[in-house]
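Worksheet for the structure shown next.
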Amino acid sequence: MADLEKQYNPEGIEEKWLARWNEEGTFKAEDTSGKPPYSIVIPPPNVTGVLHIGHALNHTIQDILIRYKRMNGYNALWMPGTDHAGIATQNVVERALMEKGTKRQDLGREEFINRVWEWKGEYGQRIVNQLKRLGASCDWDRERFTMDEGLSRAVREVFVTLYEEGLIYQGEYMINWCPRCHTALSDLEVEHHEKAGHLWHIRYPVDGTDREFIIATTRPETLLGDTAVAVNPNDDRYKDLIGQSVILPIKNFKIPIIADEYVDMEFGTGALKITPAHDPNDFEIGKKHNLPIIKVIGDDGHMTKDAGAPYTGEDRFKARKMIVDELKEQGLLANIEDHAHAVGQCYRCHNIVEPNISKQWFVRIAPLAKPAIEAVEKGDVKFVPKSWENLYFDWMHNIRDWCISRQIWWGHRIPAWTCKKCGEVMVLRDDPEKCIKCGHTGLSQDPDVLDTWFSSALWPFSTAGWPDKTDALKTFYPTSTLVTSFDIIFFWVARMIMMGLKFTGEVPFREVYIHALVRDSEGQKMSKSKGNTIDPLEIVGKFGADSMRMTLTALAAQGRDIKLSEERIEGYRHFVNKLWNASRFTLMNLEGFDTSQTNINRDDLALADKWILSRLQKTIANVREALDNYKFNEAASQIYQFTWGEFCDWYLELVKLRLKGDEEGGTAARHTLSHVLGAILRMLHPVMPFVTEELWEKLMPKAGIIAIAPYPAPDESLISDNIESEIAVVMDATVAIRNIRGELSIKPSTELNAIFRASNAQTGTTLKRQAPFINRLANAKTKLADESFKKDDDMAVSVVAGVEVFVPLGGLAGSDERRQKAEKELAKIEKEIKFFEKKLSNKKFVEKAPAEVVKSDRAKLAEFIEQAKKLKAHF
RNA sequence: AGGCGCGUAGCUCAGGGGGAGAGCACUUGCUUGACAUGCAAGGGGUCGGCGGUUCGAAACCGCCCGCGCCUACCA
């Protein structure tokens, strides 16, 4: 039994339990069950992904919730899976092809997709395997992938239904275009980062006059596609010019001067060049004024034929330089100004996106957003912390139609066909063989695929088998909780709510817990390019999964980001080790003791037993309360304090005497020890699953695995404030002696004598009864003062609540040192007295404050005065 | 420009109307038979600033200062 190593070594133990859980099917949820359901769907990581510390936090929290509920008797399902991550995955596979010297275009669409599947087969389990190593208690048999047949059917069903209801439409609009990924992006997929740029002020001469506009632009290359200059109709400076023309520099075209309210008279010179093909606002203005659209930047980011020589074929940024040089040459560049502005970048490849006009598919979002807003308003979905609801509402109220088509190959192909003969467009659940209108068999399918987030939006119900009415759907949907970070509230959370309500009539989850972001120790976002990432697997290898999980849990306070460093994790490894050693000690003392027996006569329990049991009940209640309210750090800290500060520091020390040989009370002590340790292990299991399983197996060999053991529940009848204050006397007396020892620099190995004078009979009885324990803890021989006791010159004195402590020193310390120590103690007490005297002398306080506060303050004051009096009397 | 969050011990942070807390770091002393990844004893803070509400504010309210983040089509 007592074959534990001196130090906890996670290696081997983690593997052992991963295998055991798997063999025993511990994490399997039941599609039909008498138990209450609790379900979480995993935010599906990208198949291309590598586990990072953010996943570790996200999954630790989910695992805590799931394990906690499972131990509480729920039919707990943690639904795992991965996301096909269209653009990201396509990029990865393309890069691999590039290394072999091929391009996807060389392979053709079908073959390329085959390659992606091959790639997925080879590497797709990587992140899943990494997740398993953290101890994630997902029901792995249910693992899904967004491109699975079933999920694809859900996508198809949703797309067709939305199309039939007019909620999906196709149209030519200005969208965000990534010239590198060669696809449209939704507004959300564009990141705005402030960049240092320039404002070029360009002269646009007015035709037939000597007047000119000076127009500022951040993108001079778009000049080639200008089709008008706009001014505000109310601008007196230019009123007379409206309807005339300017000569477009370089091109030497005439373009009209138009009037539009959009133009801000205050900004710059109040004149705006209009490039309908390359700016969303200009596009709108262009439509209004029927301006021609000249596309000068192509889909590949190079200048088009319409840009004209010598620019055609040049990269857009090179073209910019050429244009600026040319303008300079011609004297048309009035001025260059530094200008910082937010440039849109592709969230996948970080290239600068190009506003581009093209034909795309959109979701008409307003009708979907309305019920989704109401669901959160009504509380059908609750955000925790609640403040995130504001962000949600803010976005949902300003939401714009969602561009869902992507010009890539990897993803759910849009189920739309066009008849080559009659031009009929068909959007269908099943692939058509011929035109539904004219019967012609020549059909072409839309080449585009859907935004990856389109399928993610269905995840909570598509993974349960929707559109079939499965048992899983009935049992686990709506899911209970969603755990994610704030940065995908728009991308994912909001869209799941919209789609869930639309297609199931119910919200996809009841609560959304938004957790922090993990940053480095400087508070910087972790990123590979900064080199400040912490690799969770490396950490697991070095400190064990439990240490990492405990650290993340302890730091996961609501509403604040986590600054993580290896030192923090190392610190919590000490806690894991502490638990290990407390268990080691306990197990050493339980040889031959049957830990499965639970019936113990409470009268046999010693004071220390009753005390630790009382403290345990309070701790259990606090931990449960914390977990029920997503206060993970609070739960971690409660267990930490109890385990280290109370169980190890006091109870184990108090109990040692009774464990020797056949000491009286040994049975009660062993019973209490195993009971409390068992409760600690079960309380901690959701946070530290591996080490708790290992120790539980040794402590309770007959009880089965801890992952399905019942989570501790508080027993009110074991809570006793009287017992707790009685122990406080023992602790105070012990600390007083230790304090004398420490302050007077007496070695711990020197046994001291101590005499206690109690201020009441009960305290005296406690001190007398607990004397053996105090003696041990303070390395002293203690006794109670009798009537003849007199303090003499050689004694150090300390006064604590209800007890005067006298320690004869026999020359171990000089009188000066003793006086110093006593004066220090007195100064502290006098500070307290002043504080309370001031407070209590305030008439208004006495009148208005609650009676109990006044009463307790008066009692405290009296106690401190008493202590000071006693202390003074001795010097 | 708007919105949100944060400012508490040297560091990282809990807390939150009634005597300032934890971990780490620091000082001193310890091979006390679970643990030196440890034990014991200590030092350390006008809780960002100024006002207000209150008998009482670190906490609630207002303003200010500093630091983050998010959203936005100002050329």
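Nothing here was measured: the structure is a model prediction, and the numbers come from that model. By convention in this document, chain letters (A, B, ...) are assigned in the order of the sequence lines, proteins followed by strands, and residues within each chain are numbered from 1.
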(request) For the pair Asn335(A) (side chain) and His201(A) (backbone), establish whether a donor and an acceptor sit closer than 3.5 Å, ignoring hydrogens and angles. (result) no
(request) Summarise protein proximity over nucleotides 2-8 of chain B in one line of letters, 5' to 3': B for base, S for sugar-phosphate only, - for none, counting protein heavy atoms closer than 4.0 Å. (result) ---SSS-
(message) Under 4.0 Å, heavy atoms only, any strand: does Arg738(A) hit a base, just the sugar-phosphate, or nothing?
(response) sugar-phosphate
(request) Answer yes or no on whether Arg615(A) is positioned over the face of Trp644(A), meaning its NZ or CZ is under 6.0 Å from the six-membered ring centre and within 45° of the axis. (result) no
Would you list the protein and nucleotides 20-24 of chain B atom pairs, both N or O, that sit under 3.5 Å from each other?
{"unit_1": "rA22(B)", "atom_1": "O2'", "unit_2": "Gln641(A)", "atom_2": "NE2", "d": "3.2"}

(request) For nucleotides rG66(B) and rG29(B), find the distance between their C1' atoms and express it as a whole number of Å. (result) 43 Å
(message) Regarding Tyr262(A), tell me which of base, sugar-phosphate or nothing describes its non-hydrogen contacts under 4.0 Å with the strands shown.
(response) base
(request) With sequence neighbours left out, write down each residue that passes side chain to side chain contact (heavy atoms under 4.5 Å, CB included) with Lys747(A), or none if nothing qualifies. (result) Ser749(A), Thr750(A)
(request) Not counting sequence neighbours, which residues clear side chain to side chain contact (heavy atoms under 4.5 Å, CB included) with Gln638(A)? List them please. (result) Thr619(A), Asn622(A), Val623(A), Glu634(A)
(message) Once you apply a heavy-atom cut-off of 4.0 Å, does Lys578(A) come out as touching a base, just sugar-phosphate, or nothing?
(response) base
(message) Please give the distance between the C1' atoms of rC64(B) and rU27(B) as a whole number of Å.
(response) 40 Å
(request) Among the candidates rA34(B), rA14(B), rC55(B), find the nucleotide nearest to the side-chain atoms of Arg584(A). (result) rA34(B)
(request) Decide yes or no, distance alone: a donor-acceptor N/O pair under 3.5 angstrom between the base of rA36(B) and the side-chain of Gln7(A). (result) no
(request) Record whether the side chain of Lys656(A) comes under 3.5 Å of the base of rA34(B) through a donor-acceptor pair of N or O atoms. (result) yes
(request) Quickly work out the Asn281(A) CG to rC74(B) P distance and round it to whole Å. (result) 8 Å
(request) Grab the NZ-C1' distance between Lys288(A) and rC73(B) for me, whole Å please. (result) 14 Å
(request) Give a yes or no on whether the ring-centroid distance for Phe486(A) and Tyr392(A) is below 6.0 angstrom. (result) no
(message) If you only use heavy atoms from C-beta on, which nucleotide in rG43(B), rC55(B), rA75(B) is closest to the side chain of Lys828(A)?
(response) rG43(B)
(request) Could you work out which one of rA75(B), rC35(B), rG18(B) sits closest to the side chain of Thr217(A)? (result) rA75(B)
(request) Test for a donor-acceptor pair under 3.5 Å between the base of rC30(B) and the side chain of Lys747(A), counting only N and O atoms. (result) no
(request) Could you say whether Cys648(A) or Asn577(A) is positioned toward the 5' end of RNA chain B, judged by the nucleotide with the nearest heavy atom to each? (result) Cys648(A)
All N/O donor-acceptor pairs, side-chain side in residues 571-579 of chain A, below 3.5 Å, sequence neighbours left out:
{"unit_1": "Asn577(A)", "atom_1": "OD1", "unit_2": "Tyr8(A)", "atom_2": "N", "d": "3.0"}

(request) Consider the side chain of Phe486(A), meaning its heavy atoms from C-beta on, and name the nucleotide among rC35(B), rA41(B), rC70(B) that approaches it most closely. (result) rC70(B)
(request) Could you tell me whether Leu652(A) contacts a base, only the sugar-phosphate backbone, or nothing, with contacts defined as non-hydrogen atoms closer than 4.0 Å? (result) base
(message) Let's test your reading of the pairing rules: Watson-Crick or G-U wobble, both distances under 3.5 Å, then write RNA chain B as a dot-bracket string with ( ), [ ], | and dots.
(response) (((((((..((((....[..)))).(((((.......))))).....(((((..]....))))))))))))....
